[in-house]
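I have placed the structure first, in the form of structure tokens, so that the comments after it can refer back to it.
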Protein chains: 2
Amino acid sequence: MNSILSALAEPNRLHIVELLRDGPLTVGEIADRLGLHQPQASKHLRVLSEAGLVEMQPVANRRIYRLRPQPLMELDAWLSSFRRIWEERFDRLDEYLLELQKSEQKHDDKP
Amino acid sequence: MNSILSALAEPNRLHIVELLRDGPLTVGEIADRLGLHQPQASKHLRVLSEAGLVEMQPVANRRIYRLRPQPLMELDAWLSSFRRIWEERFDRLDEYLLELQKSEQKHDDKP
DNA sequence: CTCGAATATACATTGACAGGAATATTCCAA
DNA sequence: TTGGAATATTCCTGTCAATGTATATTCGAG
């Protein structure tokens with residue numbers, strides 16, 4: 001989960017993932033479209049690969065990279081655990097304020 | 001989108017967000033549960049706040065932090081644009097290989 | 001088997017960021 | 001009004017990661 005997020009947190013890598021959403025690409029094409037030097041593209045792809053976000057298939061000289069769905073599905077699953085927050089609109093703030101107040105009173109009690 | 005991801009990429013901050021999923025908390029409680037010193041907790045909360053992931057409400061001495069749904073909804077929307085990839089299971093790899101091959105041939109043509 | 005294209009790796013440099021410690025600020029209670 | 005609790009801010013330092021440059025590797029064409 002963490003390696004996925006930090007992989008996506010880098011703007012160029014996020015952009016790569018968005019590029020690959022429309023289909024596989026070679027390293028050179030990715031570097032071209034992002035205006036990156038080839039070594040940086042390779043390095044970013046390595047990080048994405050280690051996070052499981054992409055996989056590579058060699059074809060002669062080229063390396064074709066494509067998306068792997070699993071990490072994005074994981075992210076989706078994680079997100080879904082928050083979904084009730086904006087669906088049920090359940091803040092628990094007032095509840096929490098009451099608890100705070102209670103603990104104040106408890107603190108004031110002289111046993 | 002980027003500030004959201006880089007905010008969540010830090011393990012302690014991700015943990016804070018998960019804590020707040022169950023309801024609002026004060027800075028001190030967050031620091032306690034994560035085993036952080038108070039200043040680091042405040043700093044992480046500042047980053048989360050700037051990313052719009054949390055909001056704060058002062059109550060006397062304390063600051064109560066709670067989740068804001070919007071950024072997570074944005075992330076969800078972004079993810080959903082990838083959903084067809086693992087639903088339709090459409091790789092486009094063979095398609096892409098054909099294109100590669102065609103461009104090879106085009107390169108070979110003697111006009 | 002040699003050349004050039006495509007890609008990966010190594011190395012050095014620089015900048016961002018997380019953690020620690022100290023300090024400032026705000027608020028309530030006595 | 002003084003003291004202490006809760007929180008934010010500042011400064012310093014070390015570490016990590018992104019970039020640029022150079023080099024190694026692999027492959028097909030001729």
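Note: hydrogens, waters and symmetry copies are ignored here, and every other heavy atom, side chains too, is used. Residue numbering restarts at 1 for every chain, and letters A, B, ... go by the order of the sequence lines.
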Is atom CD of B:Gln70 surrounded by more than 12 heavy atoms (other residues, nucleotides or ligands) closer than 6.0 Å?
no
Whole-Å distance between C:dT7 P and A:Leu36 CG?
14 Å
Check this for me: does the side-chain of A:Lys43 come within 3.5 Å of the base of D:dG20 through a donor and an acceptor?
no
Whole-Å distance separating the CD atom of A:Glu10 from the P atom of D:dC16
18 Å
The nucleotide from D:dT9, D:dT19, C:dT7 with an atom nearest the side chain of A:Ser42 is C:dT7
Is it the case that more than 12 heavy atoms not belonging to A:Arg46 sit under 6.0 Å from its CZ atom?
no
Nearest whole Å is fine: how far is D:dA8 P from B:Ile64 CD1?
12 Å
To the nearest angstrom, the CZ-P distance between B:Arg46 and C:dG19 comes to 16 Å
Contact class for A:Pro39 vs. all strands (heavy atom < 4.0 Å): base, sugar-phosphate, or nothing?
base
Please confirm whether the shortest side-chain N or O distance from A:Arg13 to OP1 or OP2 of D:dA18 is below 4.0 Å.
yes
Round to a whole Å and report the spacing from CD of A:Glu50 to C1' of C:dA8.
13 Å
Can a side chain N or O of A:Tyr65 be found less than 4.0 Å away from OP1 or OP2 on C:dA6?
no
Looking at B:Gln38 and D:dA6, is any side-chain donor or acceptor paired with a base atom of the opposite kind under 3.5 Å?
no
Heavy-atom count around B:Arg21 CZ within 6.0 Å, excluding the residue itself: above 12?
yes
In whole angstrom, give the distance that lies between atom CG of A:Leu48 and atom P of D:dA17.
14 Å
Nucleotide nearest B:Val27 when distance is taken to its side chain, options D:dT7, D:dT19, D:dA22:
D:dT7
Send over the distance from B:Arg63 CZ to C:dT25 C1', rounded to a whole Å.
9 Å
Measuring only between side-chain heavy atoms, which start at C-beta, is B:His44 closer than 4.5 Å to B:Leu36?
yes
What nucleotide among D:dA8, D:dT19, D:dT7 has an atom nearest to a side-chain atom of B:Thr26?
D:dT7
Considering only side-chain heavy atoms of A:Asn61, which listed nucleotide, C:dA6, D:dT9, C:dT7, is closest?
C:dA6
Could you state the CG-P distance from B:Leu34 to C:dG19, rounded to the nearest angstrom?
10 Å
With a 4.5 Å heavy-atom cut-off, do B:Leu75 and B:Leu5 have their side chains touching?
yes
Counting heavy atoms from C-beta on, name the nucleotide in D:dC11, D:dA22, D:dG20 closest to the side chain of A:His37.
D:dG20
